[in-house]
Amino acid sequence: MNSLPPDLTRVGHLMAPQGLRGAMKLFVIGETAQLLALRRLYLEGLGWRRIASIQQQGLGVTVQLLGTDTREAALELRGLKVYAHDSELPGLEDGQYYYHELRGLEVQDVAGTVLGEVQDVLDMGFQDVLVVKYSGGSALLPLQAPYVVVKRGLAVVLDGAPEGLIGGQADTVKPSRENGLEDGPETE
């Protein structure tokens with residue numbers, strides 16, 4: 001198994017070559033502007049690569065890595081996950097945070113009761129999900145839900161979350177007879 005160095009945050013993955021000289025499109029997780037100042041990237045399975053150039057192109061990013069100077073070389077890198085070292089990511093404005101900053105934060109209710117700890121953040125497309133470890137296992141919380149409040153460096157607070165979201169059991173709803181989904185034989 002390929003293990004990653006510590007303190008890396010996934011910033012995207014390499015896509016199709018851009019042109020004939022080894023430049024590649026980079027699918028970015030997060031804001032593209034945050035990557036433009038980076039000088040190196042970590043490619044999963046290959047290690048650190050210096051950036052020869054990186055530029056915003058439309059809504060995406062095009063990156064040229066040193067040593068990748070042909071379309072064929074770029075094709076070999078297609079699909080690889082790309083990471084940046086946490087310390088090399090640019091600072092953010094108040095109210096913003098990187099996902100790696102959420103790992104290890106307590107998840108609390110509004111009264112301050114600790115419900116669990118953020119283990120990871122998963123990019124699920126339109127909805128990012130917090131993986132929360134608690135005494136009975138783990139739970140998934142939608143990060144963009146209105147009841148999830150991030151207090152950078154302190155905690156993730158659940159304000160108005162549905163009851164039982166972490167560690168609770170959902171109410172069992174008996175299937176409706178009118179839809180033909182009831183349990184057991186039909187009786188009249």
Side-chain angles (χ1 to χ4, degrees), residues 1-105 107 117-132 140-157:
M1 182 176 167
N2 215 0
S3 65
L4 296 172
D7 302 325
L8 292 183
T9 294
R10 183 169 174 215
V11 294
H13 65 269
L14 294 171
M15 296 172 53
Q18 180 72 24
L20 301 174
R21 298 185 183 201
M24 293 165 280
K25 294 177 185 176
L26 175 62
F27 175 84
V28 177
I29 299 171
E31 300 291 325
T32 58
Q34 297 169 349
L35 301 183
L36 299 179
L38 294 176
R39 296 187 301 181
R40 66 181 185 153
L41 293 170
Y42 186 89
L43 305 184
E44 187 174 39
L46 297 177
W48 290 104
R49 297 289 171 96
R50 288 219 171 268
I51 297 173
S53 69
I54 187 167
Q55 57 189 355
Q56 190 158 356
Q57 188 173 28
L59 298 175
V61 170
T62 299
V63 63
Q64 175 80 48
L65 301 173
L66 288 178
T68 305
D69 53 5
T70 66
R71 182 175 182 81
E72 292 73 23
L75 277 170
E76 290 181 24
L77 302 178
R78 186 177 185 172
L80 290 180
K81 293 177 184 173
V82 178
Y83 300 82
H85 196 278
D86 296 344
S87 67
E88 295 173 4
L89 293 168
L92 298 174
E93 297 176 16
D94 286 341
Q96 296 181 326
Y97 50 86
Y98 287 112
Y99 287 174
H100 72 267
E101 295 176 308
L102 301 179
R103 292 184 204 116
L105 290 184
V107 177
E117 180 181 295
V118 177
Q119 294 295 298
D120 202 359
V121 182
L122 303 176
D123 175 15
M124 304 299 286
F126 290 105
Q127 178 68 271
D128 299 322
V129 176
L130 296 173
V131 179
V132 178
L140 301 176
L141 298 177
L143 180 57
Q144 287 83 11
Y147 50 81
V148 175
V149 179
V150 175
K151 295 187 177 181
R152 188 174 180 188
L154 299 173
V156 174
V157 179

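Quick note: numbers below take in every heavy atom, side chains included, and nothing from hydrogens, waters or symmetry partners.
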inquiry  = Restricting to salt bridge (charged side-chain N to carboxylate O under 4.0 Å, His left out), what partner residues turn up for Glu117, sequence neighbours left out?
reply    = none
Going by atom type alone, with no hydrogens or angles, which donor-acceptor pairs under 3.5 Å involve a side-chain atom of residues 66-84 and a protein atom two or more places apart or on another chain?
{"unit_1": "Thr70", "atom_1": "OG1", "unit_2": "Ala73", "atom_2": "N", "d": "3.0"}
{"unit_1": "Arg71", "atom_1": "NH1", "unit_2": "Gly19", "atom_2": "O", "d": "3.1"}

request  = Starting at CG of Leu41, measure out to CG of Leu46 and round the result to the nearest 0.5 Å.
outcome  = 12.0 Å
message = I want to check something: taking the side chain as every heavy atom from C-beta on, are Val129 and Leu141 in contact at a cut-off of under 4.5 Å?
response = no
ask   = If only atom types and distance count, is the side chain of Gln34 paired as donor or acceptor with the main-chain N or O of Val11 below 3.5 Å?
value = no
ask   = So how far is it from Leu14 CG to Met24 CE, rounded to the nearest 0.5 Å?
value = 5.0 Å
request  = Report yes if the side chains of Leu102 and Leu143 come closer than 4.5 Å at any heavy-atom pair, otherwise no.
outcome  = yes
message = Using the salt bridge (charged side-chain N to carboxylate O under 4.0 Å, His left out) criterion, which residues pair with Arg103? Sequence neighbours excluded.
response = Asp120
ask   = With sequence neighbours excluded, what pairs up with Glu101 under the side chain to side chain donor-acceptor pair (under 3.5 Å) test?
value = Arg152
message = Do Leu130 and Val107 make a side-chain contact, defined as non-hydrogen atoms from C-beta onward lying under 4.5 Å apart?
response = no
query = Do any N or O atoms from the side chain of Gln144 and from the backbone of Asp128 form a donor-acceptor pair under 3.5 angstrom?
reply = yes
inquiry  = I'd like to check the side chain to side chain donor-acceptor pair (under 3.5 Å) partners of Gln127; sequence neighbours left out, ordered by chain and number.
reply    = none
inquiry  = A side-chain contact here means heavy atoms from C-beta on lying under 4.5 Å apart; do Ile51 and Leu65 qualify?
reply    = yes
Minimum-distance pair of heavy atoms, taken over all atoms of Tyr42 and Gly47 = CE1-CA, 3.4 Å
note = Shortest non-hydrogen pair, His85 vs Ser87, comes out as ND1-OG, 2.8 Å
inquiry  = Is the shortest side-chain heavy-atom distance between Leu38 and Ile54 below 4.5 Å?
reply    = no
Polar side chain donor-acceptor pair, Thr62 to Gln57, under 3.5 angstrom = yes
Side chain to side chain donor-acceptor pair (under 3.5 Å) partners for Glu88, two or more places apart = Arg40
